[in-house]
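We use all heavy atoms of the structure for the numbers below, so side chains are in, but hydrogens, waters and symmetry mates are not. Quick note on labels: first sequence line is chain A, next is B, and so on, each numbered from 1.
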Number of protein chains: 2
Amino acid sequence: MAKNIQSLERAAAMLRLLAGGERRLGLSDIASSLGLAKATAHGILRTLQHEGFVEQDPGSGRYQLGAELLRLGTTYLDVHELRARALVWTDDLARSSGEAVYLGVLHQHGVLIVHHVFRPDDSRQVLEVGAMQPLHSTALGKVLAATDPVAHAELVDAKREPFTARTVTELDEIERTLDLTRAQGYATDNEETLEGVAAVAAPIYDRRRLAVGAVGITGAVERVCRDGELRPELIAAVRDTARSVSRDLGAKPF
Amino acid sequence: MAKNIQSLERAAAMLRLLAGGERRLGLSDIASSLGLAKATAHGILRTLQHEGFVEQDPGSGRYQLGAELLRLGTTYLDVHELRARALVWTDDLARSSGEAVYLGVLHQHGVLIVHHVFRPDDSRQVLEVGAMQPLHSTALGKVLAATDPVAHAELVDAKREPFTARTVTELDEIERTLDLTRAQGYATDNEETLEGVAAVAAPIYDRRRLAVGAVGITGAVERVCRDGELRPELIAAVRDTARSVSRDLGAKPF
DNA sequence: GTGCCTCGTTCGACAATGCTAAACGCTATC
DNA sequence: GATAGCGTTTAGCATTGTCGAACGAGGCAC
């Protein structure tokens, strides 16, 4: 394996550290967290600051993430082909289902939300684009783990946190769920991630028949479930949407 | 001035290049655009790819921005203090004015939108968080240029593009507008950026009385204007919101 | 089908580059 | 007013990233 550039790896580690820590971090904290000399950390931070990737509070001297990350992150969305193709279909799905729609792709150890359509009512909702969801408990995550080998490996390696009483963390049982997901072409999340919240998701394929993402809806269990199971018409709507997006991406329907 | 880390500067230039180019770029294009040897560019790109900041299309081998940027950019919003304080007030402003609300901060040569509340009706709207607005023609930009010396310098240096027939590009006239903005405490954009669209904005100050951002509303000129001027009640609402956020940030009201 | 061109990638050697450790000025604290 | 901690700067060394050239794989034209 070829060698990567040291200063870049360290800069990336700093950005992730700043993203993880709740509030701003001081230079000494950053240096000791990464095992670097203060001067080394300072040189990297100075450059990152000059480029807009980190900002420094003038008063305390502490560092936090910079605005350029927001600008570039938004640009990533603009270029994202899957997201662009899905935009039309997800709006329809939100309207027909009456629930919030999420579009996610595999990123590192979880699902990165790249598109989010609000539930079509006037309630206050926060945009979750850019947020991460776990692989083992969410509908989007199970779909990706069942259809993308890389996602599956990530799920096996990850520590599977129990979020609610219904969260499945044992690998054997999860594998059986993934087999079922592959067989029926969709996955559900019945209060396994959040109490009172259920979800359905289906995979999106590209022209090489590789899974490139997943689309699904999420809503209060009282609305999206009946007799403890996801309502069939919602499952059908989600699967139709996934198929439509796949076809837009060039996947053959047979 | 201290020296910055070369490889980091080059990596940042690459990310910006990838953000600027419409579609994916090839290695040779990137290397020649930045005046680097192909091997040098490849080493940086390989590291950026490993860290998730760029992705490579398996088929064509071309490079594009990576998902980690979206994740970090969203985290930037979560940590953003001004945005957090403004969240409550901007919702109220959108409801009372019936128009879309924007919150912006100075970034590089323009205004970066860090918060956007949709106009409270059922029309289809696209989220503009992460987008940039010019300093010389928008209400947010004029407010920042009038109250932040750094923003003012950026405005003077920038090339001021005429977007509509009403866009003011001459520096003398802009300076007079900025004087007026300082005197009355708000700025307007009367079809100077987009035909048929007008805006008002007011500055937000921190506890040291330094301008840290601007908040404003934007809407169709038929709704927000009367007799060719912004409606006074909208101006008052925007200024009230700006004052409330400033007070939340610790600014003394006197 | 074959040649050619261009692409992304790898290799090895050089020296420029970024790293380390120690000292600096500063602010806040007690 | 001494101290402890902060972010920052400095100087010198050797590690590190850079470069030019060569490699192998695809794609296009003919």
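- Taking atom CG of residue B:L48 and atom C1' of nucleotide D:dG17, one finds them 14 Å apart after rounding to whole Å.
- As rounded to whole Å, 15 Å separates atom P of C:dG8 from atom CZ of B:R46.
- At the heavy-atom level, A:R62 lies nowhere under 4.0 Å from the strands shown.
- Nearest heavy-atom pair, B:A146 versus B:T181, reported as atom, atom and distance to 0.1 Å: CB-CG2, 3.7 Å.
- Regarding B:Y63, its OH atom lies at a distance of 11 Å from the C1' atom of C:dC7, rounded to whole Å.
- Between the CG atom of A:L27 and the C1' atom of D:dT8 there is a distance of 8 Å, given to the nearest Å.
- Contacts of residues 28-41 of chain B with DNA chain C (heavy atom under 4.0 Å): B:S28, B:K38, B:A39.
- One can place NE2 of A:H42 at 18 Å from P of C:dA21, the figure rounded to the nearest angstrom.
- Rounded to 10°, the helix from C:dG1-D:dC30 to C:dA15-D:dT16 has 10° between the axis fitted to its first five pairs and the one fitted to its last five.
- Nearest heavy-atom pair, A:L112 versus A:G130, reported as atom, atom and distance to 0.1 Å: CD1-O, 3.5 Å.
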Quick one: side chains of residues 80-88 of chain A, donor-acceptor pairs under 3.5 Å with protein atoms, not counting sequence neighbours, listed by atom name and distance.
| unit_1 | atom_1 | unit_2 | atom_2 | d |
| --- | --- | --- | --- | --- |
| A:H80 | ND1 | A:R83 | N | 3.1 |
| A:H80 | NE2 | A:Y76 | OH | 3.3 |
| A:E81 | OE1 | B:R24 | NH2 | 3.4 |
| A:E81 | OE2 | A:R85 | NH2 | 3.3 |
| A:R83 | NE | A:V114 | O | 2.9 |
| A:R85 | NH1 | A:D248 | O | 2.8 |

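- Contacts of A:D179 classified as salt bridge (charged side-chain N to carboxylate O under 4.0 Å, His left out), with partners at least two apart in sequence or in another chain: A:R182.
- Atom-to-atom, CD of B:E9 to P of C:dA16 comes out at 18 Å; the value is rounded to the nearest Å.
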Which side-chain N or O atoms in residues 5-19 of chain A pair as donor and acceptor under 3.5 Å with protein atoms at least two apart or in another chain?
| unit_1 | atom_1 | unit_2 | atom_2 | d |
| --- | --- | --- | --- | --- |
| A:S7 | OG | B:S7 | OG | 2.8 |
| A:R16 | NH1 | B:E51 | O | 3.4 |
| A:R16 | NH1 | B:E68 | OE2 | 3.1 |
| A:R16 | NH2 | B:E51 | OE1 | 2.2 |

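- Spacing between atom CG of A:L8 and atom C1' of D:dT16 amounts to 12 Å, rounded to whole angstrom units.
- Legend: ring pair (Phe, Tyr, Trp, His ring centres under 6.0 Å) pairs involving residues 133-161 of chain B, not counting sequence neighbours, sorted by first then second residue: B:H136-B:F163.
- The distance from atom CD1 of B:I44 to atom P of C:dG18 is 10 Å, rounded to the nearest whole Å.
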